[in-house]
Amino acid sequence: MDHKFLESIFILCLPAALPTVADAQMTLVKDGKPQASIVICQPTAADSAAATLLNKFIQRMSGATLPVVSQQQAKRNVVLLGQPTSAATEDGYEITCQPGELSVKTGGGKGTLYGVCTLLESYMCVDYWAKDAYTFMPSRTITLPQITLADSPAFRFRQTFSYCNDDPDYEAWFRLEHQDQIFAGDLWVHTFNRILPASVYGKSHPEYYSFINGQRRPGDHSQWCLSNPELFELVCQKVDSIFKAHPGMKMISISQNDGNNTYCQCPECKKVDEYEGSPSGSIIRFLNKLAARFPDKEFSTLAYLYSMHPPKHVKPLKNVNIMLCDIDCKREVPLTDNASGRDFVKALEGWARISDNIFVWDYGINFDNMVVPFPNFHILQKNLALFKKNHATMVFEQVNGQRGTDFAEMRAYMLGKLMWNPSQDADLLMREFLYGYYGAAAPYLYKYQNMLQGALLASGVPLWIYDSPVSHKNGMLNHNLMRNYQELFDKAEAAVAGDSTLLGRVQVARLPIQYSELEIARTETGGDREAIERKLEDFREKAARYGVTQLNERNNNVEDYCQLYRSRFLPHANTNKAAGSKVIWINKPAARYQPIADKALTDGLYGGATYVESWVGWEGQDADFILDMGSEKTFSSVSTDFLLQSGAWVLLPKSVSYSYSTDNKNYRSLGTHEFQEDRSGSIKFVPGEVKSDAPVTARYIHVQVKTIGLCPSWHYGVGYPAWFFMDEVEVK
């Protein structure tokens, strides 16, 4: 069966053979000697890059290089690059080949360069797979058939967040762009504080910033008071100076800072937003005023979190670009097929009714655990087709920025292809990539992807960009399935064992399964410590060998994780005298964490990097509870485990205090641990420990945690309640 599959995938994915001499309309190289010359018709960077790329692969294939000459010097068999055409839009191209002449014309932008990429791929048997990873068919003679082809992109701006983009040829091959190429001053998202820093204007002009919960709250992530006329004039001055500093650039983002619900709720702003039915009302009115003041410029703004839904009355001017983000959506099915996705689709369709200038910011990877399975390949094409249908002209796919992210190269490959043309067959693209990048391992990896996708859909568990593999341990990552996945990877490795490059690619693709196995193991008791240590070391060694360093967007690295795992998560004898204690609640945690709270605090298992499992959380409130250890015990220290994940509004509390009693009536203080503010973006596990100078004896431990209350001015959630999360309470 596997052999037949490999044969079928070979037939489907093998590039067409180079044309024979009998079929040829034009010969570029014969017997390793150039037979044609290149003429660059327009002196643009794109046309010069096209000539360089074409010659680069002709030389790799045949050993020859075509001379670049002027039009007057060209005699026969000329390759014309860069003539304009009306048959394509910006970045599009028209290719014609007839006896004696090959022409790659441009619709503008980088059309010539992209046309050459198509020429190489479709007619010269060159394929690009990932960073510095391409294949071609060596041939001392290169001929071309008759060609008549014109093509234009579905979206005028296409970008992925992928480590592969470090390779300029890869970036050209997949027709990808950089925001700094079109946004003046690289101001393209979350720009309020970059344009008017709160550190500069906050103290002298608090009225420029959001009114939240009864007062003005200037801060790095606070928003602007968009009804303030003085602020508008200052922004106009800043915008004017930015464009003057970047002559020739026409676009800029004037967009809310990162953070949710931090918009201004002063009487004037609130009045507008209530009338418009969304906080986007104030934003669009402000942007329209800017767009009218600078009619020759284009202004992009976010429709993100609180501003996702469009206003009811005001319509964006044509030079106002709506950058619409689907960050809150689940990813196990297309956006049209679950509740979170349908809410986004409602917003998308609403914006499409009032604007033809929409930029979709799409998300497609697990940010808290990047090196875990994320089987969303089956939804990529449908979502991009949805964006195109609803007037999106620009797309950014925030996916796999780091090496080692789940099938990072395949996701970037498929998205690059689909952003150019979202009507392509996604399954065929997957098979093409698997064969081209993994060789003989392809059938096993294709089977793995299908099994994983089916298990995800059958489980009914959502796929989220802030997921934990532990969330799926009874679903797509259950023990039986994990055993099957490992067997498929064993076969995949065996199939390419003789090729170190292909073997390395397969082993990188296996890391998410290995990491998931480790994460699930830490949530279970009775594990084989030595076996888990061997798996941990194998994961560490493979990650180091292949340059996989980061585990999440908070920059937590593999080496630190492995060291922490050994000290925190490996199976160990539970020496906690409060293990299994009964919890007597005085101030319970948030409702969603109450089902696990009675056990999670003393079960001997520690929470990981994601607050969605094992941790118990309080939002803007103090924690207050008593542990009943069942009998009197002697101890000298009490410590509680706290999570720091500031990007998710999970901050350290103000303090934790412990007291003890033999009768649950009369308590004596053991002490208080005060926490220092930590603005780090990394995920940390921070103990709150108090030690006694001499052992004490008690049955009851009273734990009181004081919240910091509201998120501080430097934080994303300025003015709103902060969360703190705690896990194991240890009495020793």
Side-chain angles (χ1 to χ4, degrees), residues 522 525-526 529 560 563-589 593 596-608 614-618 621-644 650-678 680 684-709 724-732:
R522 67 170 174 76
T525 58
R529 182 184 176 97
D560 288 348
Q563 290 180 22
L564 185 67
Y565 200 102
R566 290 187 177 91
S567 62
R568 180 181 174 87
F569 297 130
L570 281 175
H572 58 277
N574 191 347
T575 58
N576 182 10
K577 296 191 178 224
S581 292
K582 177 183 177 182
V583 183
I584 303 169
W585 294 106
I586 300 170
N587 190 14
K588 291 184 177 182
Y593 301 103
I596 67 166
D598 286 345
K599 293 184 178 179
L601 296 178
T602 60
D603 62 2
L605 299 172
Y606 295 90
S614 299
W615 295 96
V616 181
W618 282 257
Q621 306 226 352
D622 297 337
D624 197 346
F625 58 90
I626 295 168
L627 295 181
D628 179 359
M629 295 186 289
S631 61
E632 291 186 5
K633 297 178 181 179
T634 301
F635 55 92
S636 58
S637 72
V638 181
S639 180
T640 305
D641 198 30
F642 290 90
L643 176 67
L644 176 67
V650 179
L651 304 176
L652 296 177
K654 182 179 180 181
S655 65
V656 57
S657 300
Y658 307 106
S659 54
Y660 58 95
S661 171
T662 57
D663 58 7
N664 199 22
K665 295 179 182 178
N666 301 299
Y667 279 86
R668 297 185 64 182
S669 173
L670 189 69
T672 297
H673 178 93
E674 302 280 348
F675 291 93
Q676 298 296 314
E677 183 181 71
D678 190 332
S680 169
K684 297 180 181 179
F685 310 112
V686 182
E689 184 177 24
V690 171
K691 292 183 177 180
S692 172
D693 292 335
V696 299
T697 300
R699 172 176 172 173
Y700 301 93
I701 307 291
H702 190 183
V703 182
Q704 296 173 292
V705 185
K706 295 294 183 183
T707 176
I708 61 170
F724 68 81
F725 280 81
M726 57 194 298
D727 188 11
E728 208 67 8
V729 182
E730 294 188 319
V731 178
K732 292 186 176 181

Would Val638 and Tyr660 satisfy side-chain contact (heavy atoms from CB on, under 4.5 Å), going step by step from the backbone distance to the final call?
CA-CA 10 Å; Val638 181; Tyr660 58 95; over 6 Å; no

Are there more than 12 heavy atoms of other residues, nucleotides or ligands under 6.0 Å from atom NZ of Lys599?
no

Contacts of Asp622 meeting salt bridge (charged side-chain N to carboxylate O under 4.0 Å, His left out) (sequence neighbours excluded), chain-then-number -> Lys706

With sequence neighbours left out, the residues meeting salt bridge (charged side-chain N to carboxylate O under 4.0 Å, His left out) with Asp560 are none

Reported NZ-to-OG1 distance for the pair Lys732 and Thr575, which is rounded to 0.5 angstrom:
3.5 Å

Let me see the working for Leu605 and Phe569 under side-chain contact (heavy atoms from CB on, under 4.5 Å), right down to the final yes or no.
CA-CA 7 Å; Leu605 299 172; Phe569 297 130; over 6 Å; no

Looking only at heavy atoms, which two atoms of Ala623 and Trp618 are closest? And how far apart?
CB-CE2, 3.4 Å

Residues that Tyr667 engages under ring-ring contact (aromatic ring centres under 6.0 Å, His included), provided they are two or more places apart:
His702

If you compare all heavy atoms of Gln621 against all heavy atoms of Phe724, which two are closest, and at what distance to 0.1 Å?
O-CE2, 3.1 Å

By side chain to side chain donor-acceptor pair (under 3.5 Å), Ser657 pairs with (sequence neighbours left out) Thr672

What I'd like to find out is whether the side chain of Ile708 reaches to under 4.5 Å of the side chain of Phe675, using heavy atoms alone.
no

Quick one: does any side-chain atom of Asn576 pair with a main-chain N or O of Val729 as donor and acceptor, under 3.5 Å?
yes

Nearest-0.5 Å distance that lies between atom CD in Gln704 and atom OG in Ser659
6.0 Å

Hey, can you tell me if His572 and Tyr606 have their rings parallel, tilted or perpendicular (30° and 60° cut-offs)?
tilted

State, to 0.1 Å, how close Tyr565 and Arg522 come at their nearest heavy-atom pair, and which atoms those are.
OH-N, 3.6 Å

By side chain to side chain donor-acceptor pair (under 3.5 Å), Asn587 pairs with (sequence neighbours left out) none

With respect to Phe635, which candidate in Glu730, Lys691, Met629 satisfies the side-chain contact (heavy atoms from CB on, under 4.5 Å) definition?
Met629

How close do Asp727 and Leu601 get, heavy atom to heavy atom, and via which atoms?
O-CD2, 3.0 Å

Which atoms form the tightest heavy-atom contact between Ala578 and Val731, and what is the distance?
CB-CG2, 3.6 Å

Can you name the residues that form a side chain to side chain donor-acceptor pair (under 3.5 Å) with Asp663, not counting sequence neighbours?
Ser661, Asn666

Please round to the nearest 0.5 Å and tell me the distance separating atom OH of Tyr593 and atom OG of Ser614.
11.5 Å

Residue list, side-chain contact (heavy atoms from CB on, under 4.5 Å) with Gln676, at least two apart or on another chain:
none

Heavy-atom side-chain proximity of Tyr700 to Thr662 below 4.5 angstrom
no

Which residue pairs pass the salt bridge (Lys or Arg N to Asp or Glu O under 4.0 Å) test with at least one member in residues 624-635, sequence neighbours excluded?
Asp628-Arg699

Partner residues of Thr697 under the side chain to side chain donor-acceptor pair (under 3.5 Å) criterion, sequence neighbours left out
Thr634

How long is the straight-line distance from CG of Asn574 back to CG of Asp603, given to the nearest 0.5 Å?
8.5 Å

For Lys684, check salt bridge (charged side-chain N to carboxylate O under 4.0 Å, His left out) against everything at least two apart and list the hits.
Asp678

Can you tell me how far apart CG (Leu670) and OG (Ser636) are? Round to the nearest 0.5 Å.
8.5 Å

Which pairs pass salt bridge (Lys or Arg N to Asp or Glu O under 4.0 Å) with one or both residues in residues 565-581, sequence neighbours excluded?
Glu537-Arg566, Arg568-Asp641

Who pairs with Ser639 by side-chain contact (heavy atoms from CB on, under 4.5 Å), at least two apart in sequence or on another chain?
Pro687, Glu689

Criterion side chain to side chain donor-acceptor pair (under 3.5 Å) on Thr640 and Tyr658, from CA distance to verdict
CA-CA 10 Å; Thr640 305; Tyr658 307 106; 2.8 Å; yes

Smallest heavy-atom separation, Glu728 atom then Ala600 atom, equals OE1-O, 3.2 Å

Can you find a pair of side-chain heavy atoms, one from Leu644 and one from Val650, that are under 4.5 Å apart?
no

So which of Ile586, Val583, Ile701 actually passes side-chain contact (heavy atoms from CB on, under 4.5 Å) with Ile626?
Ile586

